[in-house]
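Worksheet: the structure to be examined is printed underneath.
These numbers come from the heavy atoms of this one structure, side chains and all, not from hydrogens, waters or symmetry mates. Lettering follows sequence order; numbering is per chain, from 1.
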Amino acid sequence: NAGVTQTPKFRVLKTGQSMTLLCAQDMNHEYMYWYRQDPGMGLRLIHYSVGEGTTAKGEVPDGYNVSRLKKQNFLLGLESAAPSQTSVYFCASSYSTTGSEQYFGPGTRLTVT
Amino acid sequence: AQKVTQAQTEISVVEKEDVTLDCVYETRDTTYYLFWYKQPPSGELVFLIRRNSFDEQNEISGRYSWNFQKSTSSFNFTITASQVVDSAVYFCALTGWGGASGGYQKVTFGTGTKLQVIP
């Protein structure tokens, strides 16, 4: 099992450009999440999904969109990148039972200049 | 509202020393779950342990042990005889219980404690 994978691993964007981050999991998990990690701020939830075809906003959703067309994939889009979106992005997945631990991908380091 | 506080931003210890990472939480839920995750320099977060609010027994796994005390709202993590491979950022996290209907419950992460083990 590959677990949770993310592509790309690194990306540099210019302000105003768009991009999509792809997350894939092979554990048949219902729940999937996108977080961003910034120094001194821990992990902050951007968007999440409780099943195929459903998405919901997390703590910091502005400037991001997501889609979950297939159960195993969760896409994070930046329509018009801003320097404030420079961060490390983590995808995670979990079983749908309450209190389940999350399994994380390796992260994507995004720099917006 | 949920809150997780990891007051120790960075800790440095010499190899073979014991070290305790503190985690203090706040929640209004009577049923909840606590977690610890490890983020080594490679970047990927790895799940270490989960505790539910009804189980205050201490847990030991090799050199790792966890002390859960509801009276002080703390879930501390001790590494005995630390090793260089323990160098990482450690996150404590908290989630509530969704009740009989279940469903997604928000997970709140602390800001992490960076542990450096010096050889």
Aromatic ring proximity A/Tyr64/A/His47, centre distance under 6.0 Å: no

Spell out, yes or no, whether [X] and [Y] are grouped together once hydrophobic residues are joined by side-chain heavy atoms under 4.5 Å, including indirect joins.
X	Y	answer
B/Val19	B/Tyr64	yes
A/Tyr35	A/Tyr31	yes
B/Leu48	B/Val107	no

Side-chain contact test, heavy atoms from C-beta onward, threshold under 4.5 Å: evaluate it for [X] versus [Y] and give yes or no.
X	Y	answer
A/Leu43	A/Phe104	yes
A/Ser87	A/Tyr89	yes
A/Cys91	A/Met32	yes
B/Val24	B/Asp22	no
A/Phe90	A/Gln102	no
A/Pro83	A/Thr15	yes

Interchain contact, [X] with chain B, by part (heavy-atom threshold 4.5 Å):
X	result
A/Glu59	side chain
A/Ser94	neither
A/Leu45	side chain
A/Gln6	neither
A/Tyr33	side chain

Test side chain to side chain donor-acceptor pair (under 3.5 Å) applied to B/Thr78 and B/Thr20, step by step: CA-CA 4 Å; B/Thr78 297; B/Thr20 295; 2.8 Å; yes

Residue, of A/Pro39, A/Gly42, A/Gly99, A/Gly58, that accumulates the most heavy atom pairs under 4.5 Å with chain B: A/Gly99

Provide the closest heavy-atom pair for [X] versus [Y] in the form atom of the first, atom of the second, distance.
X	Y	result
B/Arg63	B/Ala81	NH1-O, 3.3 Å
A/Met27	A/Val4	CE-CG2, 3.5 Å
B/Ser82	B/Val13	OG-CG2, 3.6 Å
A/Trp34	A/Cys23	CZ2-CB, 3.5 Å

Close approach to chain A in residues 108-119 of chain B, criterion heavy atom under 4.5 Å: B/Phe109, B/Gly110, B/Thr111

Residues from residues 35-46 of chain B approaching chain A under 4.5 Å (heavy atoms): B/Phe35, B/Tyr37, B/Gln39, B/Gly43, B/Glu44, B/Leu45

Worked verdict on A/Asp38 versus A/Arg44 for side-chain contact (heavy atoms from CB on, under 4.5 Å): CA-CA 8 Å; A/Asp38 302 292; A/Arg44 292 184 292 170; 2.8 Å; yes

Residue-level interface, residues 105-113 of chain A with chain B, non-hydrogen cut-off under 4.5 Å: A/Gly105, A/Pro106

Neighbourhood of chain B inside residues 67-77 of chain A, taking heavy atoms under 4.5 Å as contact: none

Evaluation steps, side-chain contact (heavy atoms from CB on, under 4.5 Å), between B/Ile49 and B/Phe75: CA-CA 11 Å; B/Ile49 190 171; B/Phe75 186 42; 4.0 Å; yes

Partner of B/Phe77 by ring-ring contact (aromatic ring centres under 6.0 Å, His included), out of B/Trp66, B/Phe68, B/Phe91: B/Trp66

Heavy atoms of other groups near A/Glu79 CD, more than 12 under 6.0 Å: no

